[in-house]
Every structure is written in C-alpha cells, then in structure tokens.
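Comments concern the structure below.
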Amino acid sequence: MENPQYPNNPPPSPYNQRSASIPKQPPSHHSDNNDPTTAELRALDCNLASLCEHVQIEGFNSGSFSDIVVNAMGSTYHLHRLILSRSSYFRNMLHGPWKEASAAIVTLQIDDNNVNDEAIAIALAYLYGNHPKLNDNNAFRVLAAASFLDLQDLCAICTDFIISELWTSNFLAYQVFAENQDYGIHGERVRTACWGYLCQSGGMELREVLPKLSSHTLHALLTSNDLWIPCEEKRFELAFHTFLAKSAHCKVEHPAHGIPGSESGTGIHSDNTKGKGIADGCTNKMLETDLGKMSLKSDLKDTSMPNLLVELGDSEGDFNSDICDSNQRVQLASYDISPNLNPSYPSDMEGPSLGNSLSDPDGVRTSCYVEVPLGAGTTTGVGIEGPSEEGSCYHSDNNNRLVRDQSRDSFSSSSCSGLTSSEWGRYGTPLLSWGGHVGRRQVKAHPRGNYRDEDDVFINIFEGGSLLYCNMSFDALLNVRKQLEEIGFPCKAVNDGLWLQMLLSQRVQEIAADTCRVCSLMTMSCTCHRQFAFLHGSTTGSYIQEHNHNNMPGGGGNIYVAESSTGERNGSFRPVRVHVRGAIDGLAGIGRGTTFVPAAASPPTRFVFSRVPFGVGNRNYPQSAANDDSEARADHNGDLSGDGLTALVGLSQGGNYGTNIHTELTQREQEMGLQSTAGGASTGGIPVQLLETPEHTIGIEWENDNSSSISLDLKTPLSHFPPFRFGVSFEEVHRLGDGQVKHSPEVFYAGSLWKVSIQAFNDEDPQGRRTLGLFLHRRKAEITDVHRKVHMYVDSREKVTARYQLTCPSKREMLVFGSFKQTGTLLPKAPKGWGWRTALLFDELADLLQNGALRVIAVVQLV
Amino acid sequence: MNFRVASDPEYFDKNWNILKHAIREIFKCNDNARHLSFGELHRHAYYMVLHNFGEKLYSKLVATMTSHVKEIAKSVEASEGSSFLEELNTKWNDYYKALEIIRDILMYMDRTYIPSTKNKPVYELGLNLWRENVIYSNQIRNRLSNTLLEFVFKERAGEDVNRELIRNVTKMLIDLGPSVYEQVFETPFLQVLAESYKAESHKYIEFV
C-alpha cells in the first residue's frame, strides 16, 4: 500500500539530507581558502608523527608508563598492553581467560633456534612503529620471531628482503631455514625462491652446495625439468658428483657408522675427513676425463661407499616388488673394501694417486666392486635386470642372462688377474678384486637403514628413469655405464636408454619416410590434393616475423608480416602492428585456436603468449610467404598429424621382431608442481623385460601420470618416448637492441637440430615497455654438420609436430612458456622459430639473470 | 617443489599430551583456562607446527574434539523432555567458548599449517564437528526441529515460552551455516506454518 508511493515521493530521511549536505560544505570552505585543508592535513601528519615518536621513544625506548613486563631471550622489556595487543599473539594471551591475562610479567619462551635476542627486540620495536633494519644475518631470525608473534606484515617484509638478497653465498642457509621449519606462507615463499634459484644455478654456481641439501630436495632437483643444465650428460655428471660428495659428506657427519667392521683398521675415520675434499675434486676431474681413469676415485670411494652399496642393493627391495630377487642382488652388490684400508693409505694418498692411472703401482686398488658369483644354477634370480612379477617374460631372457652371468662369474673368480672382457664390453677395464667374501661380510657388518633414504633417492635418480639416458650420445652412455657400475648400480636404466634411443631413431626415420613432403602429414592422411580447403580464417592469431639474417647486425630488419587470409600463396610483405592483446591473448594461441578467449573475458596476462612463426633469414627458403601459408594450416595439421600418428600405430605392423621390449615405468614420488611438466622426469623404475608376446601394442602416453608401463616396439608412438631437455644461456641479454636476436648453439634430438633464440622488442607491450621473446627452432639434421656424431640420424621432414616448453627459472619466479600438456604444434619450417613474444619484460631482467646470463631450459618432445 | 624435513618424533607425544590435557580441561569447564598459561600452551602447539608436525597435531586435535563432541551429543540425547533445548543451548555455549579458546592456543597452526592444506581451521572444524555429531545426530535432528516448532506454536497460542532460548538456538543454527538453519528450522517451520494457515483459512471459509 505504501510502497507504490515511495518512488514518486521519496520521504526525506535524515540520512538523505545529511549525505546531500556534505558535498556542499567543502566547496564553501574551498572557496574561502584552500589552505585550511592542507594545513589540517599537515597538522594531522604532524600529530601522527609526534605520536609515533612519543610511542617509540617514550614507550619502547624508555618504557614509561609501562603496564607489563616482557621477558624474552634473556632481556627484559617494559612495555604496554595497548601496543602489544597489535600482535594477535599478545592479544590472545592478554585478552583471553588465561593465567597471563592479569599478569604483570610475561615470559616468552620460543623454542626456535632461529630466534635470538636481537630478533625479538626488532619484532617488539616493530610493534612500536620502528622499521626493522634487516641484513643477511638477522632477516631470517626476525622472520622467525615475527612468525611466532604473528606479525604478518613484518614477516612479509623479512621475506621480501630474503628473496631479494638470496645469493649463492647464503643460499644454503636460507634453504635449510625454510626447509626445516614451517613458517607458513612466508616459509613457502622462501622455499619457492630457493627452488627457483636452485633450478637456475644448481648445475653451476650452487654445484658444491648440492651435497648438503636434503635428499628430497636433491631428488626433486636432479630429476626436474626445471633444472637448468646444458644437457643430459651434464645432468648425470652433476647427479653423480653430488652422490659421491654427499656420501663422503655423510661419512664425515656420522663417523660412527662410517667405520666399517673388523677388517677396516683403525685409521680410517680421520682419513675420511681428509679424503672428502679430494674425493670431490677428483670426482670432478674423473667425470670430465676419459673413461679409463677411474683409479683414484675408486680408491677414495671404497672408504666412503661400502655402506652405501649395501644399502643400494638393499633398497632395491622397495624399488622392485620381487623381494626374493632383490635379496639376491644385495648379495651381489657387495663391495670389497678391506685391501685398501691398510694404514698406509692416507699418508701418500695425495701424492701418487691424484694423477693416478692404472699403470701406477699403487693404483692397483681400483674398483673393488665385486659381484659374488652365485653359479649358473641360480641364474634366474641373479640377472641384473630388475626383478619382475611377470615370471614368464622373465625367463624368456634366460639365455642372454646366462651369458652375462657367466662372464660375471669368470670375472669375479678370476680375482687378481681381473682382466676379463665380455661381449658387453663393460669389463674392458681391468677390474681387480680380492674376493667377494669379504664384501659379504661387509654386508653383514653394517647395520642397514642409516643411509636408506638417501640411497633410495639416488637409486631413484640414476635408475628410476628420471635421467633420460636415451638422449645421451653413445660415448657418454659408455662413460655413464662405467661409472654406475663402479659403484654398484644395476645400470638397467642405461640399457633401457640405449634401447629407447635406437628405437626412437628407428621410429623417427620411419615416420619421416612416411610423411608427405608437401603437407607434413602422414602419407595415409595426406590431404595435399585439397590442401587449402580449410585455410581461411585460421590465420588470425599468427604473426610472422621475417627477419633477414644478413641484416641482423643492424638490428633494423624487423618486419612483421601479416598472414594473407585470402589464401594467396605469396602473401605480400607488409608491416603490421602486432595486436598482441587481441586474439592471441593468454595461452589460447598455442597449438590450436579453439581455446581462444576474448581479451575482455580474462584479465590481461602479464606475459602474452603469442605463437609467432619466426623467420631468421631466408637463405634457404626464399618462398617465405608460401611457407607462411602453410603456417596457416599449422593448427589443423598439428592436430591431424597427431591423430595420424596414433592411427599409424595401429596400422604399421612392423617386422615381426622376435622380441618386443616391454618397459615398465613405476611411478615414483611426484614432486610438488612437477607433475605437469615432468612427464618423463618423474617416472620411475624401468625394468626391461623381454617379452615373447608381440601383441603388446599401444602403451600409455609417456606423460600420463597413471601410466604403469609403456610398450616399446616398432609401433610405439613418438609421444611415448621421453622428452628431450636442454639448457641454453644467453649472455648480456639486457644489452640487446630492439629487434636484435641471439641464438643458442644447436643440439641434436630425434633427427633434428634444435635451438632457442631470444629477441628484444620495443613494440610488443601495450604499455610501451621493452620485452624479450623466446623462440624454439628446429631444422632437420644434416649429416655433414659440425655436430655430426656417430649416432646422428636425419628426420627428413621439413616440419615436425612437437610439444615443448621453455622455462626460465629464477628466485623471483619460475617463468614457464608453453605447456607439455598440449597435443603438439606443427613447428614451422626452418629457419623459423616458434615461441612467445613479450615473454619477459626488460624491467624484470635483473631478477632473472644469473651472472649476467638468462638461462632457459627447453623441453621438447616429438609427437 | 622441495620438502620439509620432520625432526624428532619423541617431543611430539610429550607436547601433545600437555595440549590434550589442557583441551580436555577447557572442554570440561571454560573457567579452567584461568589456571592455564596461554604462553605455555601456545608454545607447545607452535613448536609442533614449526617442526613440521602440523599434520599430526591436526589429526590428534580432530580425534580429541570428535570424541568430546560425541560425548556432548550423548548427554543432549539423554536429556528429558523440556530440558532438551536448554541442555543443548548450555552445551553449545560452553562448547563455543571452549572452541574459541582452543583456536587461540592453536593460532600458529591456523596461520601456518592450515593454509598449505585443505584442512579446515580450528574454528570451522569445531563448527563442523558440532553440526555433524550433534545437530545431525539421528536422535537430535528431528527432535530439535519438532521442539522448536512446538515452542513457536505454543507461543502463538499465547503460552509463555522462553524466547531467549529459542533465539539462542536458532542463532546457533545460523552460526553453523545457513543451510543448517534452513534444513533444521526454516523449511519445516514454513511447511507447518503453511499447513496451519491453510487449515485456518479453511475454517474461515467454512464459517463464511
């Protein structure tokens, strides 16, 4: 009844009147004089400032009118409840129903070694308005104290400081700090920064710090796709180096466990300490030099490793399910230690053995890893292959295995003569042994479990499929195998790597031979006869940048070419304004146009992901425009050829090979946040079994987290193979002029040569900031190339479909471009690149560089 | 990413027993907190969380609180006739106060451990436990809504009822989440109301 009247004649409410009158008043004031407001403000500021000063000086410094006494860390503070209640810790304490509520004296007990007197003083002073003065030594302490007192703002200040001041010199301290205690989101931020920094510098500046990290972190790092490391060989070196150094480190830390049983003699412990440094250096050296020079390392190793070996063998039990077999392994992987432990060992260690080679008389103490012969009768259980549950498959390899075991038998029974070569070539180096029995006793002499965790981790790293041995060159593999054998690893993953490598080569060449040269589709799904049928309209999102290589030094040869959407094959060159924020905003552009999101619908991303076919020089391909046309079809082709590949799997009934390899990938611990990127990196244990059943066909995608096995046969799709990772580093990117490009060296993978380039732009960012673009390039390998190696083969396709991801790790953040989850993108014909513009902002570079270089990790997988 | 390393487990049991004892005391009677030291209790909880025992602490807390809430549910279920609402209300008030106190002790856990997990903060956890074990208990849920309706109709019929009590109980339902209020009170209330009005209007129509 009354409501209808209301809109017509709104009753004047007091509220309305007041609100209406308020705006009227200030103008009258203003018209009179502008100054009073400013003066008022100034007076207010002045008042506040004097209040602050009063509170700080009178309150905190002199403790005037104090109504509570706080004892903390041996100091006494005369403070004020009112001020203290800014901290919810004190508020809860003093306002609650507690004993302390009315107490005159409160004692803080803080069970955190990171908190000290100074930190508490800074935190309390912060409550009184003092800004903390932070430095390297107190920032984390103040953070800990602030965390205790629940001063979230102060925590944030400390965390910011820590992150901005995180360097190689203090990395370990902060890592340990954040890892060992839980400081909530602040600790998490420090951890994340450390992780980024570790990924960026772990292979270089922080190399010597790695052994001091926890096993979990190490495992995460060494298997991570985010770790910057030039290649897989280097990654292995790093892991191996870390392993040796860490075990030496452990020995020092736990001397009690480090002294081996009865035979070991007494002088060992001190030697260990001394030997550690040498072991490190020596390992380095060894890793970088020839295969044959293992002497000193093995010398030192036997002081530091026996336990580990036992443990390694033992932990196999967890690793593989068949415990019975693993027990056998434990027996096998024993380590002969006693002969080297004579008292004279330490004295001349540095002298003769440093430059040691096998010819050195003292150098006889080479690798003492002895496999205890168990006789042919037990061959089934003895095999070096990981035990498997599929017994039948297991037996199928008996012959093969017998040979191996025999060679092993002869090897170990031949004791001192040692020189046994086998068809595997792995015993080519003289290996001397002093009988396995001692080693056995060693097994018993050591209580297990001391290093169990650690060894599990390294077993996992070396044997769990996280090191992509298949991407190593053959000579590197030989080296790796040798080193792993030295310390008693089964080397199964290495063997598998070789298989994978050969198979990949086979598959790539096969697929290449089967691909239409015009349209880059598999022959069977080639659509060349109607090749431009769906060309139109699909071009919106892509931009072509033609860059004439010859003009490069000038830096001015930067022309953007718009795709001619009318389908004319020779699209004219014309500069276009690149509307980065348009259709290609967000991730939409990658690989397909279907996920297109209107710019308005999503908040502007800081990094614009634009697919940019990127031409660097047209020497080989004058018909660039024509190529561009085919770019337009890239999206379609990318998808289609992906399908085609899968179809191919069903169709190509490859030769009926006697054996298919069935590889089981045991899923190991997934690291936080790695899952998305890791794929191969996080998949574990690869016991290869030789199958007799050839109908084992399609495996599961490599990157599938739930995969338990992939099948390796001549039908395996490329996407089942592990990805390829390589790290590149660009010096002085901050000096890049507009349009200037830097290229990384090329690396070989799957019949192609790959590289990353980086280019500076000044016209990409809507706000006019300078940006950097990252691009991945691929061209087919050429046998005549300087990179030529024995294992090199050619993927003759002009364009391949791949998925890839470029990562720039830093303490500030982990910048990831592209995604490994996409189905794949048809990469443009060389010399173009595929990548992201406006990827990085120049302003941010300072936080992204390490030693002045931008480090980029590329992970590529053909699909 | 990287991992946190847990340190010695022995401390945990010792610390937890102290906390558990305190929590029990507080549940027994809120006033007992008067004899307890916030600083000390907080210190134990802080220590556990700081040294990466947050998860363990949380699960122990859930167990302790659950068993307590179940006890309450039993005593409420056992209450006779008219004292039912009063009993529920008293228990709720005590529980709510205790919950706030416990939340204060475990403030460090709420601040650091909880955000990194999907677990509920202490306060929310306490409400959830109460809802699941007390309000949604088979013997309480229907009885509660019936009693409330009964009160409402008594009042409409002119009888003298404890309005304060009804207000407190409905407020509790609202505190437990709007859906709880809806399910336990609002919906049945509106239903019954509609029926009664229907009946009444029929009466009038018949008269006319």
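Every heavy atom of this structure was used, including side-chain atoms; hydrogens, water molecules and symmetry mates were not. To find a chain, count down the sequence lines: A is the first, B the second, and so on, and within it residues start at 1.
For a residue to count as touching a neighbouring chain, one of its non-hydrogen atoms must lie under 4.5 Å from one of that chain's; by this rule S88(A) touches chain B with backbone and side chain alike. Contact annotation for E100(B): neither backbone nor side-chain heavy atoms come within less than 4.5 Å of a heavy atom of chain A. Within the 4.5 angstrom heavy-atom criterion, no atom of T107(A) approaches chain B. For a residue to count as touching a neighbouring chain, one of its non-hydrogen atoms must lie under 4.5 Å from one of that chain's; by this rule I26(B) touches chain A with the side chain only. Contact of A101(A) with chain B is not made at all, since no heavy-atom distance falls under 4.5 Å.
Using modelled atom types, one finds a donor on one side chain and an acceptor on the other under 3.5 Å when comparing D112(A) with Y183(A).
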Worksheet item: Would Y108(B) and Y113(B) satisfy ring-ring contact (aromatic ring centres under 6.0 Å, His included), going step by step from the backbone distance to the final call?
Response: CA-CA 8 Å; Y108(B) 194 76; Y113(B) 167 71; over 10 Å; no
Item to complete: Determine, step by step, whether H42(B) and F148(A) satisfy the ring-ring contact (aromatic ring centres under 6.0 Å, His included) criterion, reporting the C-alpha distance in whole Å, the side-chain angles of both residues, the deciding distance to 0.1 Å, and the verdict.
Response: CA-CA 10 Å; H42(B) 172 273; F148(A) 178 83; 5.1 Å; yes
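Counting heavy-atom pairs closer than 4.5 Å to chain B, the top residue among L218(A), L108(A), D150(A) is D150(A). Among the candidates S147(A), S102(A), C199(A), the residue making the largest number of heavy-atom pairs closer than 4.5 Å to chain B is S147(A). Heavy-atom pairs under 4.5 Å with chain A peak, among D31(B), N32(B), L36(B), at L36(B). The most heavy-atom pairs under 4.5 Å with chain B, out of Q152(A), H186(A), M814(A), come from Q152(A).
In this structure, L143(A) and I157(A) have side chains that are not in contact, with every pair of non-hydrogen atoms separated by 4.5 Å or more.
Annotation: cation-pi geometry not satisfied between K246(A) and F458(A) (NZ/CZ under 6.0 angstrom from ring centroid, within 45° of ring axis).
Using modelled atom types, no side-chain atom of R141(B) and backbone atom of I135(B) make a donor-acceptor pair closer than 3.5 Å.
The structure places CE of M73(A) at 5.5 Å from CD1 of I120(A), a figure rounded to the nearest 0.5 Å.
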